[in-house]
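In what follows, chains carry the letters A, B, and so on, assigned in the order in which the sequence lines appear, proteins first and then strands, with residues in each chain numbered from 1.
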Number of protein chains: 2
Amino acid sequence: MTTSFNINEFIYDFKNCCNKVQKKSFNKDETITSYIRNRNQFCILISGNADLVRYDLNGNRTIIEHFSESDIFGEVFYSITTNNELLVEAKSKCEVLIYNYYDIHTKCTKNCKFHQTLSEYLPELILNKITDLNMRVELLTKRTTRDKLLGYFNLLSTKALNKTFKIPFSLTDLADYLSVDRSAMMRELKLLKDENFINKNGKEITLLYK
Amino acid sequence: MTTSFNINEFIYDFKNCCNKVQKKSFNKDETITSYIRNRNQFCILISGNADLVRYDLNGNRTIIEHFSESDIFGEVFYSITTNNELLVEAKSKCEVLIYNYYDIHTKCTKNCKFHQTLSEYLPELILNKITDLNMRVELLTKRTTRDKLLGYFNLLSTKALNKTFKIPFSLTDLADYLSVDRSAMMRELKLLKDENFINKNGKEITLLYK
DNA sequence: ACATATTTGTTGCTTTTGCAACAAAAAACA
DNA sequence: TGTTTTTTGTTGCAAAAGCAACAAATATGT
């Protein structure tokens, strides 16, 4: 997440905001929500990590999006035309605020400061989401497993301001995120290492080129 | 595009809006803009069709997004971390409004009705963009050429409210949009036809299953 | 600390995809 | 209308990716 808005700077203003919002907690591996029909559901992740995943008919699992603190998600951003299951799964203990999207724009009945701040920062959060999605598309349109890996590593390196960084997924999840076969990806990682494009130590990667 | 907002219902209010906006025309195959650095550029397509394309180092061309009337695009939605060329190319005669994104939120110096309407509908346009991008990700994460084709055909069929519909691309462009090799895609289309999943007559497709 | 479950690393084999090349059909253009 | 360019349809062959299976290393839970 690239936003300068950090929800936890404001969350102390959140006591009993208007009755339109729910605050919920989830344990690792619990389902936060599933996208079934459009209920204008809008969620903000206060803490933890979660993935939007799809299980297709062949048993393939795909990580469509990866969410961390201050990221937004929910059915309001999705027109559900697929017949696959779309779930948001907690990857660690998570705290989530759940709104109806259109309730955010109207003034909170208790006129709480948190609600006000949220609606003020909403455009920024949304712009960041679009930027993230565009990067995701950019990555997924790469033709080969190698290009996907290098493209993703470049992003991580840029984010970390360092040629060395840690993959924020298990390698199994990384394959599901890049939408490639895990064993083929492992093979490619080995080749990238053998050809001195990268150094790899578990989940720690160093870019050796440029 | 799925929005209920249609820019041409309002464009008559656009005379000489504030000096912050440019209206430009482009012929087929002209470059509308290229994404180089972040200038907060925000564009709306008034008429015509355009593609956001990337040319990579191997000479592959990818259609990242396809734009039609009322669609929005521009550098403001992109953090340019790639070293590939990103261009918006007119696929037909196009008319485009070009803003600085942050000028839209502030009141127009001439207080014109068009500007007012635009800023009012902006959240809706942006929500639609996110929905479109999510569908795009959904499609691109499909593992096989077959699944990509069927997934895309389902979208078109749903949009057209009909099992028969026309592909809005040339088949060459469709391959670039689905990020697959054209000849492999043609082979797969033939297989889908032979196995009675679809009927195909040039660019007209009929779904035969379900 | 131990037993159990998950992830990582690896490989042989199969299937799918990509590449190159070319003819036929269709579209654009002059 | 005739010529040129682009798109479509097809194929043989090469390369890449997917599948299945298993051992070793880590992580998890009690």
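Contact annotation: B:Ser183 side-chain N/O to D:dT11 OP1/OP2 distance is not under 4.0 Å. Listed pair A:Thr172 / C:dT8 meets the phosphate criterion, a side-chain N or O lying under 4.0 Å from OP1 or OP2.
Residues B:Ser47 and B:Glu69 have side chains that never bring a donor and an acceptor to within less than 3.5 angstrom of each other. Donor-acceptor pairing under 3.5 Å is recorded for the side chains of A:Thr33 and A:Gln41.
At whole-Å resolution of the value, CG in B:Asp147 and C1' in D:dG18 are 13 Å apart. For A:Asp181 and D:dC19, the CG to P distance is 6 Å, given to the nearest whole Å. Between the P atom of D:dA17 and the CZ atom of A:Arg143 lies a distance of 12 Å, rounded to the nearest Å. Whole-Å rounding puts the A:Lys142 NZ to D:dA17 P distance at 14 Å. Here the P atom of nucleotide C:dA28 and the NZ atom of B:Lys93 are 17 Å apart, to the nearest Å. As a whole-Å value, the separation of B:Leu149 CG from C:dT16 P is 14 Å. In this structure, B:Leu171 places its CG atom 11 Å from P of D:dT10, rounding to the nearest Å. What separates CG of A:Asp173 from P of C:dT6 is a distance of 13 Å, to the nearest Å.
Residue-level contact check: B:Thr144 touches the backbone only, with heavy atoms under 4.0 Å from sugar-phosphate atoms and none from bases. Using a 4.0 Å heavy-atom distance criterion, B:Thr145 is classed as a sugar-phosphate-only contact. In this structure, A:Arg146 reaches neither bases nor backbone, as no heavy-atom distance under 4.0 Å exists between it and the strands shown.
Side-chain proximity of B:Arg182 to the nucleotides C:dA21, D:dA21, D:dA17 is greatest for C:dA21.
Taking 4.5 Å as the limit, every side-chain heavy atom of B:Val96 sits out of range of all side-chain heavy atoms of B:Ile44.
End-to-end axis angle of the helix from C:dA1-D:dT30 to C:dA30-D:dT1, using five pairs per end and rounding to 10°, comes to 80°.
The aromatic rings of A:Phe42 and A:Tyr101 sit tilted, their planes meeting at an angle between 30° and 60°. Using cut-offs of 30° and 60° on the angle between ring planes, the pair A:Phe169 and A:Tyr177 is tilted.
Atom OG of residue B:Ser179 and atom CG of residue A:Leu140 lie 8.5 Å apart, to the nearest 0.5 angstrom.
The backbone N or O of A:Leu87 sits nowhere less than 3.5 Å from a side-chain atom of A:Tyr35 that would complete a donor-acceptor pair.
Note that B:Lys129 lies in the cation-pi zone of B:Phe77, set by a 6.0 Å cut-off to the ring centre and a 45° limit from the axis.
Between B:Glu138 and A:Arg54, at least one side-chain nitrogen of the basic residue sits less than 4.0 Å from a carboxylate oxygen of the acidic one, meeting the salt-bridge criterion.
For the pairing with B:Thr164, the side chain to side chain donor-acceptor pair (under 3.5 Å) check across B:Asn199, B:Thr206, B:Asn201 returns one residue only, B:Thr206.
Applying a 4.0 Å cut-off to non-hydrogen atoms, the residues of residues 187-203 of chain A that approach DNA chain D are A:Arg187, A:Glu188, listed by residue number.
For the pair A:Met186 and B:Val180, nearest-nucleotide mapping onto DNA chain C gives the more 5' position to A:Met186.
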